[in-house]
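Inspection log for the structure reproduced underneath, given as structure tokens.
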Amino acid sequence: SWIEVRLCYGIGVSIIDWTPQELLYINIPDMTIERAVDDTFERVSVMISNVSVDNQLWVTSYPVLLKIGRQQLTGRRRRTQALELEWRRLLAKQGGLILFTDLD
């Protein structure tokens with residue numbers, strides 16, 4: 001079985017202090033989460049195309065603190081990943097998790 005969740009408009013998170021004043025804005029505009037299971041393996045992967053961390057203070061020398069990835073401005077969109085994480089696990093025949101396959 002296979003499932004894919006794609007957040008085309010992404011996720012944005014604001015970090016505020018007690019004042020309340022916005023300090024940072026973290027933007028992940030395109031994110032894909034996939035899960036695939038076959039007879040022997042389960043695979044979960046998270047792919048992020050861009051990450052931007054912006055300083056939201058009024059007077060700042062560095063308004064963009066971190067920017068990873070590329071944005072394509074052309075009509076054809078080429079997928080480049082800023083970050084890709086993948087987890088795999090080996091499934092037992094009973095459907096459980098095999099922690100050790102060979103112990104000496």
Query raised in the report: Among all residues two or more places apart in sequence or in another chain, which pass the side-chain hydrogen bond (donor to acceptor under 3.5 Å, both in side chains) test with Glu86?
Result: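 For Glu86 the side-chain hydrogen bond (donor to acceptor under 3.5 Å, both in side chains) partners, ignoring immediate neighbours, are Arg88.
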
Query - Which residues share a side-chain hydrogen bond (donor to acceptor under 3.5 Å, both in side chains) with Asn55, sequence neighbours left out - result: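 Counting only residues at least two positions away or on another chain, Asn55 forms a side-chain hydrogen bond (donor to acceptor under 3.5 Å, both in side chains) with Thr60.
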
From [X] atom [atom1] to [Y] atom [atom2], the distance as rounded to the nearest 0.5 Å:
X: Glu42; Y: Ser1; atom1: CD; atom2: OG; answer: 8.5 Å
X: Leu24; Y: Leu65; atom1: CG; atom2: CG; answer: 6.0 Å
X: Leu83; Y: Ile68; atom1: CG; atom2: CD1; answer: 7.5 Å

Query - CA sep, side-chain torsions, deciding dist, call: Ile33, Met47, side chain to side chain contact (heavy atoms under 4.5 Å, CB included) - result: CA-CA 6 Å; Ile33 302 168; Met47 293 165 281; over 6 Å; no

**Report entry** Electrostatic pair Arg35-Glu4, nearest N-O below 4.0 angstrom
**Finding:**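 Salt bridge absent between Arg35 and Glu4.
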
Query raised in the report: Salt bridge between Lys67 and Asp54, side-chain N to carboxylate O under 4.0 Å?
Result: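 Answer for the salt bridge query: no.
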
Query raised in the report: What are the two closest non-hydrogen atoms of Ser49 and Ala82, and how far apart are they?
Result: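 Of all heavy-atom pairs spanning Ser49 and Ala82, the closest is O-CB, 3.2 Å.
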
Between [X] and [Y], is there shared hydrophobic-cluster membership here, with clusters defined by ILVMFWY side-chain heavy atoms closer than 4.5 Å?
X: Leu85; Y: Ile11; value: yes
X: Val46; Y: Tyr9; value: no
X: Met31; Y: Val13; value: yes
X: Tyr62; Y: Val53; value: yes
X: Val51; Y: Tyr25; value: no

Are side-chain heavy atoms of [X] and [Y] found at a separation under 4.5 Å?
X: Ile15; Y: Ile26; value: yes
X: Phe41; Y: Leu90; value: yes
X: Ile16; Y: Leu23; value: no
X: Thr32; Y: Val5; value: no
X: Asp38; Y: Thr40; value: yes
X: Arg43; Y: Glu34; value: yes

Query raised in the report: Can you name the residues that form a side-chain contact (heavy atoms from CB on, under 4.5 Å) with Trp18, not counting sequence neighbours?
Result: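 Trp18 satisfies side-chain contact (heavy atoms from CB on, under 4.5 Å) with no residue once adjacent residues are dropped.
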
Query - Pairs where residues 13-26 contributes a residue and the test salt bridge (Lys or Arg N to Asp or Glu O under 4.0 Å) is met, not counting sequence neighbours - result: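 Sorted result for residues 13-26: empty, none.
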
